[in-house]
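See structure below.
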Amino acid sequence: MRSHVVSDITWEEPFCAEGANCFRIGTDADGNAHIAVAGAEDVHITDSREALRALIADIKAGKADHLL
């Protein structure tokens, strides 16, 4: 993933866990997906929508559970 600054990102509503752990996912017209901490959207990571789709599928499959 790469750090990227884009002004035309359409952000979804924040996804929040318990407490203040909130993240936002956004997309742009170039087919990129963006992930940021809610309230700090000016600093985010960017990759393809396919990469985001794979990341979410892997998380749902439990492949990141060892990080918790």
Side-chain angles (χ1 to χ4, degrees):
M1 294 184 197
R2 61 192 184 277
S3 181
H4 190 63
V5 177
V6 176
S7 60
D8 62 344
I9 298 171
T10 301
W11 293 103
E12 297 291 327
E13 290 297 315
F15 295 96
C16 299
E18 292 181 25
N21 301 318
C22 298
F23 294 90
R24 295 187 81 179
I25 296 175
T27 56
D28 64 32
D30 294 327
N32 297 309
H34 309 271
I35 302 174
V37 173
E41 290 82 359
D42 57 325
V43 179
H44 56 272
I45 56 172
T46 302
D47 210 327
S48 67
R49 290 182 188 184
E50 293 78 24
L52 176 62
R53 190 174 292 113
L55 173 68
I56 291 170
D58 285 349
I59 290 171
K60 286 182 174 181
K63 293 183 180 180
D65 288 355
H66 65 283
L67 300 172
L68 303 175

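In this chain, numbering begins with 1 at the start of the sequence shown. Heavy atoms only: backbone and side chains are in, while hydrogens, waters and symmetry mates are out.
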Taking atom [atom1] of [X] and atom [atom2] of [Y], what is their separation to the nearest 0.5 Å?
X   : Y   : atom1 : atom2 : answer
K60 : L55 : NZ    : CG    : 11.5 Å
I35 : T46 : CD1   : OG1   : 9.0 Å
D28 : T10 : CG    : OG1   : 8.0 Å
I59 : L67 : CD1   : CG    : 9.0 Å

Testing the basics here: between [X] and [Y], what is the closest heavy-atom pair and its distance to 0.1 Å?
X   : Y   : value
V37 : F23 : CG2-CE2, 4.0 Å
S48 : A33 : O-CB, 3.9 Å
A36 : W11 : CB-CH2, 3.7 Å
R49 : T27 : NH2-CB, 3.3 Å

Item to complete: Would you mind checking if R24 and E41 are paired as a salt bridge, meaning a charged N to carboxylate O distance below 4.0 Å?
Response: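 The answer is yes: the pair qualifies as a salt bridge.
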
Worksheet item: Crowded around E50 CD? As in, over 12 foreign heavy atoms under 6.0 Å?
Response: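 For E50, atom CD is crowded (more than 12 foreign heavy atoms under 6.0 Å).
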
